[in-house]
Asker: 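Let me give you the structure first, and then I'll get to my questions.
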Amino acid sequence: MRIVIADSNLMPQRATFEAALPEGTVTSWHESWNEHSVLTDLKDADVYVGPKFTAAMGAEARNLRLVHVAGAGYDGIDADALPAGAVCANTFHHEGSIAEHIATVLVALRRNLLGQDAALRTGVWSSSVYSPDIRQPETLRGAVVTFLGFGHIGSTAWNLLQAFGAEGIAITRSGSVSAEEHSLRWTGTTDRLGEALSESDVLVVSIPLDAGTTSLIGAAELDDLGPDGQIVNVARGPVVDETALYEALKDRRIAGAAIDVWYQYPGPEGRGEPSALPFGRLDNIIMTPHSSGVTAETFRGRATEIAENITRLSTNQPLKNVVISR
């Protein structure tokens with residue numbers, strides 16, 4: 001069996017991945033996805049692992065049986081390009097890392113750790129102990145957190161935030177989450193989003209992006225969250241309206257935000273503004289480069305599960321996490 005791998009995130013886990021493959025497997029590694037170089041390598045491949053699969057790749061990869069993305073998203077895979085009989089599978093393993101990120105940025109936001117750090121570097125002790133104009137910060141104990149989306153990420157983050165003493169509300173499109181089972185205050189559909197935000201201190205966004213969730217969080221929802229509210233977005237940038245978020249932060253209509261997913265992305269060199277709006281000039285936002293799930297733990301798990309699926313393929317067992325079939 002011959003495998004072509006073109007995902008840079010798997011390179012640090014190469015030894016783990018190859019050790020878990022069936023005996024006799026031949027691997028061909030590319031440091032990053034490049035259509036031209038991958039094309040020349042696909043002719044006899046049985047499995048392709050990478051973030052994108054195009055019509056040109058499908059025309060070349062006639063023997064391909066499995067396309068595997070090294071993450072949850074498979075929007076870069078052209079389903080019509082898959083050869084007849086081939087399938088596409090995905091993998092997760094990022095929820096623990098993202099949950100840890102959510103807890104970390106919430107503590108940092110609520111305690112103004114970045115602001116205190118910046119001030120102390122200039123000799124200013126930015127604390128209510130020294131300035132009556134500074135409020136004593138709130139902890140997460142007793143904070144009400146609304147989870148917009150309660151899948152792998154939302155439920156894992158809630159399990160962690162419970163340990164801080166937070167209370168939770170889950171808002172999903174189906175409304176099928178059991179409040180009793182997950183020890184939540186209550187659950188509901190997106191029709192009750194405004195109600196949830198009105199009684200919340202924090203909004204955690206982890207719902208998938210599609211036509212129905214684009215700009216689901218706009219100016220009205222941010223106003224429902226209120227001037228003491230904070231938002232963490234680890235889903236996709238456009239779930240939260242870009243202009244509405246910037247204006248709400250600039251005008252202090254919400255207290256703060258931690259944004260890991262953006263409205264513009266860089267090229268392969270990793271340089272570029274994340275938005276056309278100057279979020280970087282604001283002092284009430286934590287900005288991270290879509291890195292909340294990028295840990296060794298995440299990609300060790302993904303490498304192992306992809307190798308397991310390849311083993312299943314080699315022994316004609318059902319594959320896990322199939323998302324596209326041809």
Asker: Give the ring-plane orientation class for H94 versus F92, where under 30° counts as parallel, over 60° as perpendicular and anything between as tilted.
Answerer: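 Aromatic pair H94/F92 classed parallel.
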Asker: First locate atom OG of S8, then atom NE2 of H30, and finally report the distance between them rounded to the nearest 0.5 Å.
Answerer: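 So the gap between those two atoms works out to 13.0 Å.
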Asker: Please name all residues satisfying ring pair (Phe, Tyr, Trp, His ring centres under 6.0 Å) with Y265, sequence neighbours left out, ordered by chain then number.
Answerer: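 With neighbours one apart ignored, the set is H290.
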Asker: Throw together a table of side-chain donor-acceptor distances under 3.5 angstrom for residues 55-68, partners on residues two or more places apart or in other chains.
Answerer:
| unit_1 | atom_1 | unit_2 | atom_2 | d |
| --- | --- | --- | --- | --- |
| R62 | NE | A59 | O | 3.1 |
| H68 | ND1 | A89 | O | 3.3 |
| H68 | NE2 | N309 | ND2 | 3.0 |

Asker: So, R300 and E297, do they make that salt bridge, N to O below 4.0 Å?
Answerer: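 Answer for the salt bridge query: no.
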Asker: With A108, which residues qualify under side-chain contact (heavy atoms from CB on, under 4.5 Å), at least two apart?
Answerer: L113, I286
Asker: How many angstroms lie between atom CG of N233 and atom CD1 of I217, to the nearest 0.5 angstrom?
Answerer: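 Between atom CG of N233 and atom CD1 of I217 there are 9.0 Å.
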Asker: Filter on ring-ring contact (aromatic ring centres under 6.0 Å, His included), then keep only pairs touching residues 217-261, sequence neighbours left out; what's left?
Answerer: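 Non-adjacent pairs meeting ring-ring contact (aromatic ring centres under 6.0 Å, His included): Y246-F279.
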Asker: Please tabulate, for the side chains in residues 151-159, all donor-acceptor contacts under 3.5 angstrom to protein atoms that are two or more places apart in sequence or on a different chain.
Answerer:
| unit_1 | atom_1 | unit_2 | atom_2 | d |
| --- | --- | --- | --- | --- |
| S155 | OG | G151 | O | 2.6 |
| T156 | OG1 | H152 | O | 2.6 |
| W158 | NE1 | H182 | O | 2.7 |
| N159 | ND2 | S155 | O | 3.4 |

Asker: Has E273 got more than 12 heavy atoms of other residues, nucleotides or ligands less than 6.0 Å from its CD?
Answerer: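 No, because the 6.0 Å sphere around CD of E273 holds 12 heavy atoms or fewer from other groups.
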Asker: Kindly work out whether a path of hydrophobic side-chain contacts (I/L/V/M/F/W/Y, heavy atoms less than 4.5 Å apart) joins V294 to V261.
Answerer: no
Asker: CH2/W29 to CG/D41 distance, rounded to the nearest 0.5 angstrom?
Answerer: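 With rounding to 0.5 Å, CH2 (W29) is 12.5 Å from CG (D41).
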Asker: Only counting residues at least two apart or in another chain, list the ones meeting side-chain hydrogen bond (donor to acceptor under 3.5 Å, both in side chains) with T298.
Answerer: S97, T295
Asker: List the atom pairs, donor and acceptor, that lie under 3.5 Å between side-chain atoms in residues 123-138 and the rest of the protein, sequence neighbours left out.
Answerer:
| unit_1 | atom_1 | unit_2 | atom_2 | d |
| --- | --- | --- | --- | --- |
| S127 | OG | V129 | N | 3.1 |
| S131 | OG | D133 | N | 3.4 |
| R135 | NH1 | D228 | OD1 | 3.2 |

Asker: So which pairs with a foot in residues 43-56 pass salt bridge (charged side-chain N to carboxylate O under 4.0 Å, His left out), sequence neighbours left out?
Answerer: none
Asker: Given side chains that start at C-beta, do those of D201 and V145 come closer than 4.5 Å, heavy atoms only?
Answerer: no
Asker: My understanding is that only residues two or more places apart in sequence, or in another chain, count here; which of them pass side-chain hydrogen bond (donor to acceptor under 3.5 Å, both in side chains) with S325?
Answerer: none
Asker: What is the distance from atom CG of L277 to atom CG of L245, rounded to the nearest 0.5 Å?
Answerer: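 L277 atom CG to L245 atom CG measures 9.0 Å (nearest 0.5 Å).
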Asker: T91 and R302: which non-hydrogen atoms are nearest, and at how many Å?
Answerer: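 Between these two residues, the closest heavy atoms are CG2-CG, 3.7 Å.
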Asker: Are W33 and Y48 close enough that their ring centres sit under 6.0 Å apart?
Answerer: no
Asker: For Q317, check side-chain contact (heavy atoms from CB on, under 4.5 Å) against everything at least two apart and list the hits.
Answerer: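 With sequence neighbours excluded, Q317 shows a side-chain contact (heavy atoms from CB on, under 4.5 Å) to R312, T315, given in chain and number order.
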Asker: Does any pair with a residue in residues 247-263 pass salt bridge (charged side-chain N to carboxylate O under 4.0 Å, His left out), and if so which ones, sequence neighbours excluded?
Answerer: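 Every salt bridge (charged side-chain N to carboxylate O under 4.0 Å, His left out) pair that includes a residue of residues 247-263, provided the two are not neighbours, is D223-R253, E247-K250, D251-R253, R252-D283.
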Asker: Which residue pairs pass the salt bridge (charged side-chain N to carboxylate O under 4.0 Å, His left out) test when at least one of the two sits in residues 93-106, sequence neighbours left out?
Answerer: none
Asker: Rounded to the nearest 0.5 Å, how far does CG of L140 lie from CD of E167?
Answerer: 12.0 Å
Asker: As an exercise, state the distance from OG1 of T146 to CG of L225, rounded to the nearest 0.5 Å.
Answerer: 8.0 Å
